[in-house]
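Here the structure is laid out as structure tokens; the discussion comes afterwards.
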2 protein chains.
Amino acid sequence: MTDEKTMTIREMCEAFDVTPRTLRFYEAKELLFPIREGQKRLFTRRDRARLKLILRGKRFGFSLEDIRQLLDLYHMGDQQQTQLAKTYEIAQDRLQSMIDQRDELNEAIDELKEQMRWGEKMLASMSNSKKAAE
Amino acid sequence: MTDEKTMTIREMCEAFDVTPRTLRFYEAKELLFPIREGQKRLFTRRDRARLKLILRGKRFGFSLEDIRQLLDLYHMGDQQQTQLAKTYEIAQDRLQSMIDQRDELNEAIDELKEQMRWGEKMLASMSNSKKAAE
DNA sequence: AGGATAGCTGACGTTTACGTAATGCATACG
DNA sequence: CGTATGCATTACGTAAACGTCAGCTATCCT
């Protein structure tokens, strides 16, 4: 057993800094599949792995629906071949868009740095002329 | 005059692949400032530059409000010093978050590639056992 | 003059991703 | 035994970012 301990909803919330509402919402949208003990949710190692990917995907600006499709790639042990192939294609597309996004991000970073150098010069010259006026 | 030609709302829409509603919405939110000829909007070179940055920001997952603040950095000729300094700070924060995002994106790309190699192996072995069964 | 075309202003509708009560069950605690 | 605590389910509310539709103008064309 590789750390097959389950967590309550509160423990999850503290561990990942989300609200209970968020976790229940993700379950409703079939992004997480906590098991039930009575009526209580118990989150497994698998749920934790998925939640980590969900939160990361969100930081990249992907929608929950986008993320849901990608998640299958990380948990496809029992899939059919055709389903797996489709998932693989989706993953390829997503990978490409992530690479594109990274490249554009690099460009944007360089441009912003450039602008900020300009801003520094402006700040410097403004504080100079202010000193001269005193 | 450095290409100081204005564009109608339709021309903008085709050039940037957005709807008129979007452009009017951005104006209402003070992201764009088209001049008026009668009651018609005329978009300037400045608006085009800003729109390009807006759309890019959106692809990075920034909110319009985030973007609005950043935009000031690119068009701060007539600002006061204090205002400029504040804008500069905002830009620094944003730059850092973009760098963080890029780094995390690189990690995610590597992980996804790894998963896909695994998926390829699965696909291969599944098609093998299928051939063997025939 | 009478459309067709392009743009305008409200104003209400929609989707996404949750927030926020209101109400109910179950268990632990003094 | 009562109550406080933790989690549950409905269900309605909300902010962001537009979509959509109705009704009004100005202009150009024949």
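Throughout, a chain's letter reflects where its sequence line sits, starting with A, and its residues are numbered from 1.
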Is [Y] paired with [X] through a side-chain N to carboxylate O contact shorter than 4.0 Å?
X     : Y      : value
B:R59 : A:E104 : yes
B:R24 : B:E27  : no
B:K40 : B:E37  : no

In whole angstroms, how far is the [atom2] atom of [N] from the [atom1] atom of [X]?
X     : N      : atom1 : atom2 : value
B:F25 : D:dG19 : CZ    : C1'   : 11 Å
A:L55 : C:dC18 : CG    : C1'   : 13 Å
B:K40 : C:dT9  : NZ    : P     : 13 Å
B:I67 : D:dA17 : CD1   : C1'   : 11 Å
B:R59 : D:dA17 : CZ    : P     : 16 Å
A:F43 : D:dC7  : CZ    : C1'   : 11 Å
A:I9  : D:dA8  : CD1   : C1'   : 9 Å
A:L23 : C:dG19 : CG    : P     : 10 Å

Does OP1 or OP2 of [N] have a side-chain N or O of [X] closer than 4.0 Å?
X     : N      : result
A:K58 : C:dC18 : yes
B:T19 : D:dG19 : yes
B:R36 : C:dT9  : yes
B:Y26 : D:dC18 : yes
A:R41 : D:dA8  : yes
B:R21 : C:dT9  : no
A:T8  : D:dC7  : yes
B:T22 : D:dG19 : yes

| query | If you find the nucleotide of DNA chain C closest to A:Q39 and the one closest to A:K29, which residue's nucleotide is nearer the 5' end? | reply |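 By nearest-heavy-atom nucleotide position, the 5'-most residue is A:K29.
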
| task | May I ask you to check whether A:Q69 and A:E65 show a side-chain donor-acceptor distance below 3.5 Å? | result |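 Result is yes, a qualifying pair exists.
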
| Are B:T44 and B:D47 linked by a side-chain donor-acceptor pair shorter than 3.5 Å? |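 Note: B:T44 and B:D47 side chains meet the donor-acceptor criterion.
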
| request: When you get a sec, tell me which of D:dA8, C:dA17, D:dA17 is the closest nucleotide to the side chain of A:L64? | output: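 That would be C:dA17.
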
| task | Go through D:dC7, C:dC8, C:dC18 for me and flag the one nearest to the B:R24 side chain. | result |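 Side chain of B:R24 sits closest to C:dC8.
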
| If you look at every strand shown and take non-hydrogen atoms under 4.0 Å, does A:R10 touch a base, only sugar-phosphate, or nothing? |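 Since only primed, P, OP1 and OP2 atoms lie under 4.0 Å of A:R10, the category is sugar-phosphate.
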
